[in-house]
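This report refers to the structure that appears directly beneath it.
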Amino acid sequence: MLQENFCRGESPIHKLSPRTRTLAAIFLAFVVALCQTIPPLLLALALSFILIIAARINLFKAGRRLLVIAGFLLLIWLVLPLTCGGPVIWQNSFLEIGRTGITLALLLTLKTSAMLLIFLALISTMSTADLAHALHSLKLPAKLVLLLLITYRYIFLIEDELQTMLRAAKIRNFQPNTSLHCYKTYANLLGMLFVRSAERAQRVHKAMLCRGFDGRFHSLTEYHDRAQDYFFLSFILIFSTILALSELRIVVFPAIL
Amino acid sequence: MPSDCRQHPSTILSLEDLSFHYPEGPPILDELNFSLRERDHIGIAAPNGSGKSTMFHLIVGLLRPTAGRIVFNGKTVTEEADFKILRRQVGLLFQNADDQLFFPTVIEDVAFGPLNLGKNKSEALEISYQVLERLNLSDFAKRITFKLSGGEKRLVALATVLAMEPKVLLLDEPTAGLDHKTKHKLVEMLNNFTELSYLVVSHEFDFLTETTAHIYTMENGKILVDEELYIHHHEHAHRSGKQPHRHI
Amino acid sequence: MPSDCRQHPSTILSLEDLSFHYPEGPPILDELNFSLRERDHIGIAAPNGSGKSTMFHLIVGLLRPTAGRIVFNGKTVTEEADFKILRRQVGLLFQNADDQLFFPTVIEDVAFGPLNLGKNKSEALEISYQVLERLNLSDFAKRITFKLSGGEKRLVALATVLAMEPKVLLLDEPTAGLDHKTKHKLVEMLNNFTELSYLVVSHEFDFLTETTAHIYTMENGKILVDEELYIHHHEHAHRSGKQPHRHI
Amino acid sequence: MHIAEGVLSGPVIAAGFAVAAVGTGIGLKKLDFEHIAETGILSATFFVASLVHVPVGPSSAHLILNGIIGLLLGWAAFPAIAVALLLQAVFFQFGGFTTLGVNTTVMALPAVLCFYMFAPFLKKTGKTAAAAAFACGFTAVFLSALLLGGALYFSDENFLEVATIAISTHIPIMIIEGLITLFCIGFLKKVRPEMLP
Ligand SMILES: Nc1ncnc2c1ncn2[C@@H]1O[C@H](COP(=O)(O)OP(=O)(O)OP(=O)(O)O)[C@@H](O)[C@H]1O
Ligand SMILES: Nc1ncnc2c1ncn2[C@@H]1O[C@H](COP(=O)(O)OP(=O)(O)OP(=O)(O)O)[C@@H](O)[C@H]1O
Ligand SMILES: [Mg+2]
Ligand SMILES: [Mg+2]
C-alpha cells in the first residue's frame with residue numbers, strides 16, 4: 001500500500017508554506033552535497049535532527065527510512081577501507097585497512113544520512129500535490145507540473161489494480177519462483193496493466209477535452225509568504241553560510257571535529 | 001453555417017440520421033434520430049453494447065459520425081471549433097468517475113473547467129465553491145480525489161461538469177456502484193435541475209422513473225421513441241429471469 | 001493441526017468469531033460466525049462497505065484475521081501452506097472480472113490455474129476446454145480477453161475459477177454491469193451446480209432468490225442469519241428512494 | 001535503479017542535470033497536449049510496476065522496465081521517468097533533489113537509445129521481433145548499469161570497485177528484464193499493437 005505517512009501534522013515545519021520548504025530543501029541539498037569534509041557534515045547532520053524533531057516525526061520511523069540507504073552504506077564500508085589505500089591502520093596477511101577508505105566511508109555515511117533526513121523533514125511532510133505547486137511557483141515548466149499532478153493522481157488507483165491482479169494470481173495458486181512460467185506471468189500482468197492504463201488515458205484525455213482543455217495549465221495556487229517563512233529561509237541561508245565557511249576552513253571548529 | 005433547421009422553437013439538440021461504426025466494426029448507430037428540447041428530462045435504458053456511451057461521445061465530438069448530423073442551437077456542428085463551443089454548454093458525466101477526476105484535490109479539479117473557459121483564478125474559485133455548495137460538497141474542497149468513496153467521486157464528477165455551467169447534461173450510468181443513500185441524494189439533485197435539459201442512461205428503471213419524464217430504449221442502432229416499446233422491453237426482461245418484487 | 005471442530009457432519013467451511021480491521025482502520029468484521037455445509041447455496045445482500053469482499057478475501061487467505069479462526073474440512077487454517085490447500089478447493093470470483101483476467105487469450109487464462117496446480121500442458125488444456133464447453137464458451141478459446149464485453153469477461157472469469165475444480169465457490173457481485181440476457185445465463189449455470197456449495201454476494205434480490213436457498217445480510221461486522229431481518233432491510237431500502245415497480 | 005543522495009561529486013551532478021534537462025526539454029517539446037494524459041498515466045504505471053519484486057534465485061529484485069518505457073514513450077520517457085523518480089524520492093526517499101538529474105539520465109537515456117535501436121525490428125515477425133524485444137530489455141538495463149557505474153567512478157575514483165560490484169550485480173537483472181520485456185511486448189503485440197511504435 002502506498003502511503004504518504006508524514007504529510008499531515010501540526011508541527012512548525014508543517015506550518016511553513018510548501019514553497020518555503022521546497023526552496024529550503026533544494027538549497028540545503030546542494031550545499032550539503034558539495035561539502036567534502038567531516039566538520040560541516042556533522043553540522044548538517046545536527047541540523048537534520050533538529051528539522052526532524054521540529055517536524056515532529058517519530059524518530060523510530062525516521063530511523064526506519066534510513067534503512068533505504070543501509071544496503072549501499074554497508075557495501076561502502078565493506079569495500080572502501082580495503083581498496084582505497086592511504087596510511088594502513090590495521091592489517092593481516094590478506095587484508096589491509098586504509099585510512100582514506102575509512103574517512104571516505106564516514107563522509108558518505110554522514111552526508112547521505114543528513115540529506116535523507118532533511119528531505120524527509122522538509123519534503124515528505126507535504127503532499128505531492130503541494131510539492132508540485134511549489135515547484136511550479138519555483139518555475140518548473142507547467143507541462144512537467146501537470147504531468148506530475150496526473151501521475152500522482154493515478155498511482156494509487158493503478159497500485160490498487162496491480163495488487164488485486166497479484167491477489168487473483170495467488171488465488172489460482174501462482175507461486176513466484178525463478179522460472180520462465182513465473183516471468184511470463186509477471187510480464188502478462190504488467191502488459192495488462194499497461195493496456196488498461198492506455199485505455200484509461202484515452203478516456204481521461206476525452207474527459208479533459210470536455211472540460212475545455214487545450215494544453216495550457218493554469219495553477220490555482222498562490223503563495224503569500226509570512227514572517228515565519230522569511231525567518232526560516234534566513235535561518236537556512238545563515239546556516240548554509242556557516243557550512244560553506246567551515247568547509248573552506250575559514251571557520252574552524254575544535255580539534256575533535 | 002446558417003441557422004437552417006430550427007424545426008421546433010425550443011429544440012436545443014437534435015441528431016439527424018446519425019450513423020456510426022468503429023473502424024472495421026459493425027454499425028453501432030444506424031440513422032438514429034432524436035431531439036432534445038429545453039427542460040426535457042429523458043431516460044434511456046438499453047442493453048450492454050447497444051451504443052449509448054458511443055452516442056454521448058458523438059454528441060460532444062469525441063467521436064465523429066460516419067453519416068448524418070448533429071444540430072445544436074439550430075446550427076449544424078461539424079468542425080472541432082464548433083464542438084469546442086458545444087462542449088461549453090453540453091456537460092457529459094462519464095461512465096467512470098475515475099476517468100473524469102484527474103487532479104489530486106477536489107477544488108483543483110472543479111476549477112479546471114472554468115479556468116480553461118478563460119475565467120481568472122478568483123472567478124474560477126468562486127464558481128467552484130458555489131457549485132460544491134449547491135451539491136452539499138463544500139467540505140470536500142480540499143479532499144484528495146482518490147481517497148473519496150465511489151459515490152463521493154460520482155458527485156464530485158458531477159460538480160466538475162456543473163462548474164462549466166452547461167445547459168444540457170448527458171449522464172452515463174450515474175448510479176452504477178452507488179448505494180441507496182447516495183442514489184437518493186442524486187435523485188434529489190436531478191429533480192432540482194428544473195432549468196436544465198438532461199439525458200440519462202441507466203440500467204435502473206426505478207432511478208429513471210424518478211428522475212425523467214420519458215424513458216426510451218435503443219435497438220439496432222436507433223432510439224425507439226415509443227412508450228409501448230419500452231414496456232414491452234421491460235416485460236421481456238421479466239420473462240428472462242427478473243421477477244417483479246414479491247415481498248409484502 | 002488435529003481435526004477438532006467438525007460440529008456438523010457435512011460442514012465444509014466455518015468462520016468462528018472472525019474479526020478483522022485494516023491497519024489503523026475501524027473493525028470491519030467483528031466476531032463473525034458462519035458456516036457453510038455441502039451443497040449449501042447461500043446469498044448475502046448488504047450495503048456498500050459492510051465488509052463482504054473483505055470476508056471473501058479472509059476466507060481464501062489474502063488477508064489474515066485479527067482474531068477468530070477459519071475451519072476448512074474440519075481443520076483450522078492458519079498458515080500460508082494451509083491456505084494454499086484451501087485455495088485449491090475454494091474458488092473466488094472477484095468483484096471485478098478485469099482483475100482476474102491477465103493473459104492475452106481466453107484459453108491461456110483458463111489454463112493458468114491448472115498449470116499452477118502442477119498439471120502438464122496437455123492436461124491443463126484438456127481441463128480448460130472442458131470447462132469452456134460446459135459454460136458454452138468453446139468459441140471463445142482464442143479470443144482476446146481484453147476485448148470481451150463486460151458480461152463475457154464475467155463468464156470467462158468464472159471459467160478460470162471452475163478450471164481449478166473447486167468444491168466451494170465464492171462469487172462477489174457476479175451480476176454487476178451485466179445485462180438481462182447474460183444475467184439469465186448465469187442463473188441457469190448456477191442452478192446446474194448442484195454438486196457444489198456456493199456463497200453469492202449481490203445487491204440484486206431477484207438474482208439471489210433465483211440462485212440461492214437462503215439470503216442473509218451483514219450488519220456491524222456480523223452475518224445475520226435471520227430471515228426477518230432480510231425483509232426489514234429491504235423495506236428500509238424502499239423508504240430511502242427505491243420504489244417498487246409500478247408498471248403493468 | 002538509483003544513486004543515493006550525497007554520493008555524487010559536483011561536476012557529475014551538473015553533467016547529470018545538463019543531460020536530463022536537454023532530454024526532458026526535447027521530451028516535453030514533442031509531447032503535444034493529446035498525449036499528456038497518456039504520458040502521465042503511463043508514468044504512474046511504471047512507478048507502480050517498478051515496485052514489483054520478481055524472484056531471482058533465493059533473493060528478489062525490483063523491476064526497472066526502462067526498455068519498455070522507451071518503446072512506449074520515445075523521448076517522452078525523459079519527463080515520465082523524471083516525474084516517477086521524484087515520486088520515488090517523496091514516497092520512499094530513493095534519491096532526492098541533487099541526484100534527480102543523474103538518476104533521470106541513468107534510466108532515460110538508455111530508454112531513448114533503445115527506442116531508436118530496437119523499435120524498427122519489433123515490426124518484423126517471429127524470431128527477429130522476439131530477439132529485438134529481449135535485446136531491448138537487456139540492453140536498456142545494461143546501459144543504465146554502465147551509466148550508474150560511470151557516475152560513481154567519475155565522482156570519485158575510489159568508487160571503482162563499488163561501481164564494478166554495482167554493475168555486476170545487475171547481470172541477472174538484465175536477463176530477467178530481457179525476458180519480461182520479451183513477454184510483455186508479445187502481450188502488447190497481441191492485445192493492443194497500436195501502443196507499440
Ligand atoms: N473503441 C472501440 N473500438 C471498437 N469497438 C468499440 C469501441 N468502444 C466500444 N465499442 C463497441 O461498440 C459497441 C457499443 O459500445 P458502447 O460503449 O457505446 O455501449 P453501451 O451501450 O454504452 O454499453 P454499456 O451498457 O455496457 O455501457 C459495443 O459493442 C462495443 O464493443
Ligand atoms: N485496503 C483497504 N484498506 C483500508 N480499508 C479498506 C481497504 N479495503 C476496503 N476497506 C474498507 O473496508 C470496508 C469494507 O470494504 P469491503 O470492500 O469489504 O466492502 P463490501 O461489503 O465488499 O462493499 P461493496 O458492496 O462496495 O463491494 C469499507 O469501508 C472499505 O472502505
Ligand atoms: Mg456505456
Ligand atoms: Mg465488495
Side-chain angles (χ1 to χ4, degrees), chain A residues 2 25-26 29-30 32-34 65 68-69 72 75-76 79-80 83-84 100-101 104 108 111-112 115-116 119-120 123-124 128 131 141 143-144 146-148 150-152 154-155 158-159 162 176-178 182-184 186-188 190-191 193-195 197-198 200-201 204-205 208 213-215, chain D residues 4-8 10 13 24 28 31-34 36-45 47-49 51-52 54-57 63 65 68 72 79-80 82-84 86-87 89-94 96-98 156 158 160-162 165 176 179-180 182-184 186-188 191-192 195:
Chain A
L2 285 175
I26 293 176
F30 280 97
V32 176
L34 294 177
R65 291 307 170 113
V68 166
I69 48 174
F72 178 73
L75 180 68
I76 294 274
V79 175
L80 292 186
T83 58
C84 293
T100 318
L104 188 54
L108 285 176
K111 211 199 268 191
T112 32
M115 289 175 80
L116 190 146
F119 191 95
L120 192 64
I123 301 297
S124 297
T128 307
L131 175 64
K143 239 188 209 171
L144 205 53
L146 184 59
L147 212 54
L148 181 58
I150 295 177
T151 305
Y152 170 65
Y154 284 101
I155 51 176
I158 294 170
E159 204 238 359
L162 176 71
N177 51 18
T178 309
C182 164
Y183 296 139
K184 193 166 182 186
Y186 275 116
N188 277 303
L190 295 177
L193 206 60
F194 292 143
V195 166
S197 299
R200 182 188 296 283
V204 169
H205 176 66
M208 292 176 101
F213 181 59
D214 56 5
Chain D
E5 288 273 89
V7 179
L8 300 173
I13 291 176
T24 307
L28 286 178
L31 181 62
D32 52 12
F33 94 105
E34 303 269 327
I36 288 185
E38 188 183 3
T39 309
I41 291 174
L42 282 179
S43 172
T45 314
F47 173 89
V48 169
L51 303 178
V52 174
V54 294
V56 189
L63 291 174
L65 299 174
I68 302 178
L72 298 190
V83 162
L86 185 58
L87 286 173
V90 173
F91 278 83
F92 314 115
Q93 287 78 49
F94 289 174
F97 287 123
T98 66
D156 193 324
N158 287 318
L160 181 62
E161 284 78 10
V162 174
I165 293 174
I176 289 169
L179 290 174
I180 298 250
L182 165 66
F183 292 132
C184 199
F187 180 95
L188 294 177
V191 171
R192 207 170 183 280
M195 282 177 79

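Lettering follows sequence order; numbering is per chain, from 1. Keep in mind it's a predicted model, so treat the numbers as computed, not measured.
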Please state whether the side chain, the backbone, both or neither of [X] comes within less than 4.5 Å of a heavy atom of chain A.
X	value
D:Ile176	side chain
D:Val162	both
D:Leu87	side chain
D:Phe47	side chain
D:Ile68	side chain
D:Ala89	both
D:Val90	both
D:Leu51	side chain

Between chain A and each of [options], count heavy-atom pairs under 4.5 Å; write down the option with the most.
options	value
D:Ser43, D:Pro55, D:Ala84	D:Pro55
D:Ala82, D:Gly57, D:Gly96	D:Gly57
D:Val7, D:Leu188, D:Thr39, D:Leu8	D:Val7

Under a 4.5 Å heavy-atom cut-off, does chain D meet the side chain of [X], its backbone, both or neither?
X	value
A:Ile26	both
A:Asn188	both
A:Val195	both
A:Leu193	both
A:Tyr183	both
A:Leu34	side chain

Legend entry - Proximity of A:Phe119 and D:Phe97 rings by center, below 6.0 Å: yes
Legend entry - Set of side-chain hydrogen bond (donor to acceptor under 3.5 Å, both in side chains) partners for A:Tyr154, sequence neighbours left out: none
How many angstroms lie between atom [atom1] of [X] and atom [atom2] of [Y], to the nearest 0.5 angstrom?
X	Y	atom1	atom2	result
A:Thr128	D:Leu86	OG1	CG	7.5 Å
D:Phe94	A:Leu116	CZ	CG	10.5 Å
A:Leu146	D:Leu28	CG	CG	10.5 Å
A:Phe30	D:Ile13	CZ	CD1	6.5 Å

Inset, instruction - Would you sort out whether A:Leu190 and D:Phe183 count as a side-chain contact (heavy atoms from CB on, under 4.5 Å), showing the intermediate values? - result: CA-CA 10 Å; A:Leu190 295 177; D:Phe183 292 132; over 6 Å; no
If you look at every heavy atom in [X] and [Y], which pair is closest and at what distance?
X	Y	value
D:Leu42	A:Ser197	CD2-CB, 4.1 Å
A:Gly191	D:Phe187	C-CE2, 3.4 Å
D:Ala44	A:Ile158	CB-CD1, 3.8 Å
A:Leu147	D:Gly40	CD1-N, 3.6 Å

Legend entry - Check against ring pair (Phe, Tyr, Trp, His ring centres under 6.0 Å), A:Phe213 and D:Phe33: CA-CA 9 Å; A:Phe213 181 59; D:Phe33 94 105; 5.6 Å; yes
Inset, instruction - Using side-chain contact (heavy atoms from CB on, under 4.5 Å) as the criterion, point out the one residue from A:Thr151, A:Ile155, A:Ile150 that pairs with D:Ile41. - result: A:Ile150
Inset, instruction - Could you tell me which residues satisfy side chain to side chain contact (heavy atoms under 4.5 Å, CB included) with D:Asp32, sequence neighbours excluded, listed by chain and number? - result: D:Glu34, D:His35
Inset, instruction - Assess whether atom NZ of A:Lys184 is packed by more than 12 heavy atoms of other residues, nucleotides or ligands within 6.0 Å. - result: no
Legend entry - Side chain A:Thr112, main chain D:Glu5, donor-acceptor under 3.5 Å: no
